[in-house]
Amino acid sequence: MTSSIVSLFPICARFTLVIWFLTGLVSVSCNPGVFNVKYRYPRLQGSLSALKEHDDRRQLTILAGIDLPLGGTGRPDIPGLYYAKIGIGTPAKSYYVQVDTGSDIMWVNCIQCKQCPTRSSLGIELTLYNIDESNSGKLVSCDDDFCYQISGGPLSGCKANMSCPYLEIYGDGSSTAGYFVKDVVQYDSVAGDLKTKTANGSVIFGCGARQSGDLDSSNEEALDGILGFGKANSSMISQLASSGRVKKIFAHCLDGRNGGGIFAIGRVVQPKVNMTPLVPNQPHYNVNMTAVQVGQEFLNIPADLFQPGDRKGAIIDSGTTLAYLPEIIYEPLVKMITSQEPALKVHIVDKDYKCFQYSGRVDEGFPNVTFHFENSVFLRVYPHDYLFPYEGMWCIGWQNSAMQSRDRRNMTLLGDLVLSNKLVLYDLENQLIGWTEYNCSSSIKVKDEGTGTVHLVGSHFISSALPLNTSLLLMSLLLLMTLFLL
């Protein structure tokens, strides 16, 4: 399949073909910045199958080389969605875009689009971007270096006076197509501890002109587009870093208890985080796992399972709701969990979930599960994280990846089930990732690389600006973009 550009709508599967490097395309404020981020909190509607469908679509995008988005509340019984309100253009208009740590670009629906959604059940007003109404908007032409780098050279049939196109095709048949524009993105800048002011920076993003499938007007829970924070050089974090004003370091903390959280760009100095290397030459946040521990006992796993390479190690994906383990890990792990209570009667629910009735405290009746990684870094998952209540039973959130399709068989994918209530730090400058248990409703400290000043930021300092939808509970997540001079 030939595609001139990729981005992402995280709940759909897609294929990506290219990534590219941007230089000198962005001018940003050197002050920290803030996005107000909301959480779309859907009801489960009586079935667990929707969770697997959500993760199945996302895993298809991961295998295609695009998808490691920011999402979810850490509750394994409900798939979630985080989105931010940003301003685009001069004068600025408001847009609601999904926050995604894996997608490679930002894109919004445009005025030319006839199939794009114009209404949303999320209680937000959708806006179609119109470059003619922005004094700062510019088309990206086919002879622009940006367009050359996307396609690895000149695009066939793309002339100098034409706009640089993009096309995304999703694994479920949905697609989006359009062209690139460059305009000013507006957000709140952190001026000190708990103080903000307006700031902006120029960003190249996709202008969606044609949508199909789940991205068209039939989507009731629609957004204006997506804000990409993926690993590729085309993501927003990479664009900002290419300007020389930001370090390629960011962190997120998903509050699995209250639905809030923190997302910050900059060097986090508090809390302290232990780091492990990212697997080189991988499009996603892959890490080398070395062992799995259940309670005090380590699983007996062949050493070659943890060798680096394609589909080796583990993928860290905050957009996947559950956690998927190779059968050689899944089977003994679940057996050791359920054997803690010999009287348990395990039932299979919705074909994929092992559930049981239990009246005691799960943290007292079942063991912790600990994943070990390079540099002696570990990730501990408590019973109240991997077990969730459903129709009077407790269900196990671990899933057997051997039961997935051939391409996804026996992959290790750690989603919100294990990442919630932890500060996860991505240091792309040094190709490291790490985490620590943390209260995601509290504050963190981020260092200004230029002045050495440490700023306090916290999830509770941005108030809600949207009405509460009666059918969907919207919870606040603070997205703190801390943009510092090098």
Side-chain angles (χ1 to χ4, degrees), residues 10-13 41-64 67-69 71-81 171-172 214 256 292 294 299 301 305 311 314-341 344-358 362 366-367 369 371 381-420:
I11 61 172
C12 300
Y41 196 69
R43 299 181 186 275
L44 189 57
Q45 300 179 340
S47 173
L48 295 177
S49 60
L51 302 179
K52 288 297 296 300
E53 292 172 2
H54 168 269
D55 286 352
D56 285 347
R57 290 192 296 267
R58 183 172 303 280
Q59 288 167 25
L60 285 172
T61 69
I62 286 174
L63 292 171
D67 192 16
L68 274 176
T73 60
R75 288 189 57 182
D77 56 329
I78 299 177
L81 172 67
D172 64 353
D214 288 343
V292 180
V294 181
L299 298 184
I301 301 171
L305 184 67
R311 308 202 193 287
I315 298 174
I316 304 297
D317 178 16
S318 63
T320 292
T321 306
L322 303 170
Y324 296 79
L325 304 171
E327 187 170 51
I328 198 169
I329 295 177
Y330 171 83
E331 291 291 355
L333 183 148
V334 170
K335 183 177 181 179
M336 291 179 68
I337 289 173
T338 55
S339 66
Q340 302 295 313
E341 300 289 337
L344 287 181
K345 294 183 178 180
V346 178
H347 306 275
I348 303 300
V349 178
D350 280 358
K351 299 181 181 179
D352 295 302
Y353 295 87
K354 292 185 176 181
C355 305
F356 53 83
Q357 291 185 332
Y358 183 73
V362 293
F366 299 93
V369 175
F371 298 95
V381 188
Y382 299 95
H384 66 259
D385 291 323
Y386 67 75
L387 296 173
F388 60 92
Y390 179 72
E391 295 186 353
M393 297 182 291
W394 288 96
C395 294
I396 298 174
W398 307 113
Q399 294 293 301
N400 185 355
S401 61
M403 304 301 293
Q404 307 302 303
S405 66
R406 182 183 63 181
D407 288 341
R408 291 172 284 160
R409 189 167 298 156
N410 286 326
M411 69 187 302
T412 303
L413 179 60
L414 304 180
D416 287 341
L417 183 83
V418 304
L419 298 178
S420 63

Rounded distance [0.5 Å steps], [atom1] in [X] versus [atom2] in [Y]:
{"X": "M411", "Y": "L325", "atom1": "CE", "atom2": "CG", "result": "11.0 Å"}
{"X": "I396", "Y": "L333", "atom1": "CD1", "atom2": "CG", "result": "8.5 Å"}
{"X": "E327", "Y": "S401", "atom1": "CD", "atom2": "OG", "result": "8.5 Å"}
{"X": "Y324", "Y": "L414", "atom1": "OH", "atom2": "CG", "result": "12.0 Å"}

Mind checking whether [X] and [Y] have side chains closer than 4.5 Å, heavy atoms only?
{"X": "P326", "Y": "T412", "answer": "yes"}
{"X": "Y353", "Y": "Q399", "answer": "yes"}
{"X": "V294", "Y": "L299", "answer": "yes"}
{"X": "N400", "Y": "D352", "answer": "no"}
{"X": "I337", "Y": "V369", "answer": "yes"}

Quiz item: F371 vs W398 aromatic rings, parallel, tilted or perpendicular, using cut-offs 30° and 60°?
Solution: perpendicular
Can you name the closest pair of heavy atoms from [X] and [Y] and give their distance?
{"X": "H347", "Y": "K345", "value": "CD2-O, 3.3 Å"}
{"X": "P367", "Y": "Q340", "value": "CD-CG, 3.4 Å"}
{"X": "L322", "Y": "G397", "value": "CB-O, 3.7 Å"}

Quiz item: Residues in side chain to side chain contact (heavy atoms under 4.5 Å, CB included) with V362, at least two apart?
Solution: Y358, F366, P383, H384, L387, W394
Quiz item: Listed by chain and number, what are the ring pair (Phe, Tyr, Trp, His ring centres under 6.0 Å) partners of Y330, not counting sequence neighbours?
Solution: none
